[in-house]
Amino acid sequence: MQHVSVLVGGETGYGVSDAGVMICRLFCRLGYRIYMYNDYPSSVRGGHQFVIVRASTEKVAGHSDQVDVVLAFNQDTLDVHKIRFHNHTVIIYDSEKVRIDGISQPSYGLPLGKILEEEGGKPVLGISCMMGGLCKALNIDWNIFEAMMQKHQTETVKKSLKIAHKGFEMAQTVDSLEVIQQPLLPVLSGNQAITLGLLKAGLQAYVAYPMTPTSPIAELLASLEPDIGIHVVLPESEIAVMMMALGYSYMGVKSAIGTSGGGFSLMVEGLSLAGQAELPVVVVLGQRAGPATGMPTYTAQTDLNFVLHAGHGEFPRFIIAPGDAEEACYWAGVALNKAWKYQIPAFILADKTLCLGLFSFDLSLTAELKEEPPVLWDGQGEYKRYQYTEDGISPLAFPPVEAQVVKTNSYVHDENGITSEDPADARAVADKRFLKEKNLAAELKDFETVKVYNQGKTALLCWGSNKGVCIEIAKKYGLKVIQMLVLSPFPEQALTQALQGIEKIISVECNGKGQLVTLVKQHGFKVDDQILKYDGRPFSLEDLENDVKKVIG
Amino acid sequence: MNRLKTTAPITWCPGCGNFEIQNSLEAVLEDLQKEGVPFKKIILVGGIGNHAKIVDYFHINSFSALHGRAIPAAEAIKLADPDTKVICFVGDGDTYAEGLEHLIFAAKRNVDITVVVHNNRTYALATGQFTPTSQKSFKGSTMPYGAKEDPFNPLELMLVSGATYIARGYPVRSQHFRKLLKEAIVHKGFSIIDVLQVCVTYNNLYTIYNKNLEEIEVSDPASFDEALKVIRSWNYDTGERPIAIGKFFEADRPSYEENYSRFKAEKGDRNKMMKDALDRLF
Ligand code: SF4
Ligand SMILES: [Mg+2]
């Protein structure tokens, strides 16, 4: 076999995600491209969690409801997910906890408690035992598995491998997952990809208040703090987060902040300051199901309208919505570069699916990312923080500057940054902001702000994490996919071009109101049909296929 | 023209207590400059209110923030360059109400910034509403029959939150006030001065202050108990009690930004970082 879908299920807090990561890495070592969906409740212990790992010879970024192998740590894994099994699904289960009455598929029970007791292993090593069973079931070369374990389980590797081998011995081979001859790729979450992109483009400070699904960014950066020149600050609230980021910007320190919709609500006041004072800031916003607390660990694309319009007053913003790990990395860097070039807020509008999903990461698929220097003051004459220029961009200088002062201001101000209520100044600073937006839009014409995949007279129009699933279904049904990567400034020309020859447009979004549709309609485009999902779960291939079939008839 | 002044027209009411704060800051900055702190290393951060206009009046680096939000910006500025002197001008409505969380946490972290609270005990720029430190008898526009709430004592809160320099000053006693202001700026760690800045227009307390103020010297500035006692001796009422001004507390505790010296400030080789990270994640 050359593609496989594995479901791992168990109680929250017992290493289901870790098992998923290990499986992803193992499949990557066999030459596969993987994607992992992680579904867990908002509880540290006690709920039911599952992951679905898909491996394919081609790039994938969506999960399937059909699973070929199941690793069941608890009864729910069988009871809840039975609908995902087919006739040949292989079930490997903890025989001390799971009853398989009425299951006709090939099943192998591993008495995890007993094995762990014999080997003196901690409960988390139950994962290793299951992994051993998986290797046997799919006829995976033990040496490849061992090499992966040696690298990632340094402390307990000996014991892990022994326990894994018990699982290996107790299962039977049902199929062979072939080794694919293509470059082997690392496994990254969307969060990790965003982090790397920001770092590559010169990030120096990260400020955040804990919130799913972007907390792992703070965790990763905090772990890197001693090795690379970066500050990680965790202040009292998202209000402080935004203000600290702006304090850093004033000093020339490139900062980013991470949150979800609820935390961003608190940042909106400071966002408006960023607009008026022309202080660059990058906001990583991982959307999740709202309103209010909603479903904290479940996904949504419901904050596009919010981010487009957040903040009182009128000011430009750069909003990008990456659809997979490569785009997350590359565009996060672009966001940081452009935030500083135009001295504006930039958003990486992600969601839980992207942030916490795992992807094979192929750096060769992205354009090279470099830190772009912002427009700096040339040191001539008197420094004016808000100097009027032809492109609206006032050169930056950061305190301390010899014999000069740098004055930044939340009020309408003159060129020196002194408060003003003069109508001419008021108009001038507004025009300056509008001019920057225009110039950013013009520069973005050189970027792939709207991407197209496949060909057809009917197009699926999507944004963010729905990219992967849309592409797969489009290929199957001969549709074109149009992915909006940049949402502000609106890429009108690129969208027009992408729509050439299209007779029917079907939008695909994880919200109930069709927020992308509202946006494109505002710009004079029409959309014929909408496929919406707002239950906190991303589209599986089957979900989308069913909806698409209904719409295309 | 004074070298520290800008062209911004001053729009405070004649007799406003802010003028003397401005004069004092000017004198202290000149002083510090003579002692080796160049003007370019000074960064003024303002909240929003009449007090905050002060940052416009100085030809000095400045960050005019939002109502209640000056302090987190000031903290990040200090973290970005620990070699600067960051002085935050905030109001009582500004920092004791809307931005209280930031004040408490800046004190907790002991970040080396100076917070000067223009405590006129009213929202003056917003035209005379009551604030957390308005006296109970205060008839503000939003409480025309007298404030319904007792004031709270912000310095008591600062003491328990971890501030390492706490003082109360009265700008009219200019020499005394300047001494405190300079001490606060020089102090390594989080400093706060509660400044009894009189608003002549909405809460004119000159007569009461002039009559009841008493300059005090604590015997041991590092004593928490002594500080607590002197801070509690006046609770922002308008009774006949002496109102203590002076330095109430000063302690030596590592500042927040010192913890960051563990981490290199300069950017490493980001190409290598990328390669290493991907290698780790393989
Ligand atoms: S209203 Fe009060 S605080 Fe404001 S300038 Fe006038 S006197 Fe000063
Ligand atoms: Mg006030």
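A, B, ... follow the sequence lines: proteins, then strands. Residue 1 opens every chain. Everything numeric in this text was worked out from a predicted model, so none of it was measured.
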Original post:
Quick one: what part of A/His413 sits under 4.5 Å from any heavy atom of chain B, side chain, backbone, both or neither?
Top reply: neither

Subject >> For chain A, which residues of residues 62-73 of chain B have heavy atoms nearer than 4.5 angstrom >> reply: B/Ser62, B/Phe63, B/Ser64, B/Ala65, B/Leu66, B/His67, B/Arg69, B/Pro72, B/Ala73

Original post:
Can you say whether A/Lys151 sits under 4.5 Å from chain B via the side chain, the backbone, both, or neither, judging by heavy atoms?
Top reply: side chain

Original post:
Any sub-3.5 Å donor-acceptor pair from A/Lys407's side-chain atoms to B/Val55's backbone N or O?
Top reply: yes

Subject >> Best-contacting candidate, A/Leu188, A/Ile239, A/Leu184, against chain B by heavy atom pairs under 4.5 angstrom >> reply: A/Ile239

**OP:** Using a 4.5 Å cut-off on heavy atoms from C-beta on, say whether the side chain of B/Leu278 contacts that of A/Leu185.
**Re:** no

Original post:
Side chain, backbone, both or neither: which part of B/Arg280 has a heavy atom under 4.5 Å from chain A?
Top reply: both

Subject >> B/Ile42 versus chain A, the contacting section by heavy-atom distance below 4.5 Å >> reply: neither

**OP:** State, to 0.1 Å, how close B/Ala80 and A/Met251 come at their nearest heavy-atom pair, and which atoms those are.
**Re:** CB-CB, 3.6 Å

Original post:
Do A/Met244 and B/Glu75 have side-chain heavy atoms sitting under 4.5 Å apart?
Top reply: yes

Subject >> Whether B/Asn61 side chain and A/Val405 backbone form a donor-acceptor pair below 3.5 Å >> reply: no

**OP:** Drop me the distance from A/Ile418's CD1 to B/Lys53's NZ, to the nearest 0.5 angstrom.
**Re:** 13.5 Å

Subject >> Residue pair B/Lys40 / A/Pro399, side-chain heavy-atom distance below 4.5 Å >> reply: no

**OP:** Measure the CZ-NZ distance between B/Arg270 and A/Lys200 for me, rounded to the nearest 0.5 Å.
**Re:** 10.5 Å

Original post:
For A/Cys329, is it the side chain, the backbone, both, or neither that has a heavy atom closer than 4.5 Å to a heavy atom of chain B?
Top reply: side chain

Original post:
So which part of A/Gln404 gets closer than 4.5 Å to some heavy atom of chain B, the side chain, the backbone, both or neither?
Top reply: backbone

Original post:
Which atoms of A/Phe398 come close to chain B, meaning under 4.5 Å heavy atom to heavy atom: side chain ones, backbone ones, both, or neither?
Top reply: neither

Original post:
Which bit of B/Ile43 is near chain A, if near means a heavy-atom gap under 4.5 Å: side chain, backbone, both or neither?
Top reply: side chain

Original post:
Rounded to the nearest 0.5 Å, how far does CG of B/Asn271 lie from CG of A/Leu199?
Top reply: 12.0 Å

**OP:** Hey, could you give me the CG/OH distance between B/Leu79 and A/Tyr248, rounded to the nearest 0.5 Å?
**Re:** 4.0 Å

Original post:
Under a 4.5 Å heavy-atom cutoff, which of B/Asp83, B/Ile60, B/Asp81, B/Asp276 has the most pairs with chain A?
Top reply: B/Ile60

Original post:
Is the shortest heavy-atom distance from the side chain of B/Met273 to the side chain of A/Leu196 under 4.5 Å?
Top reply: yes

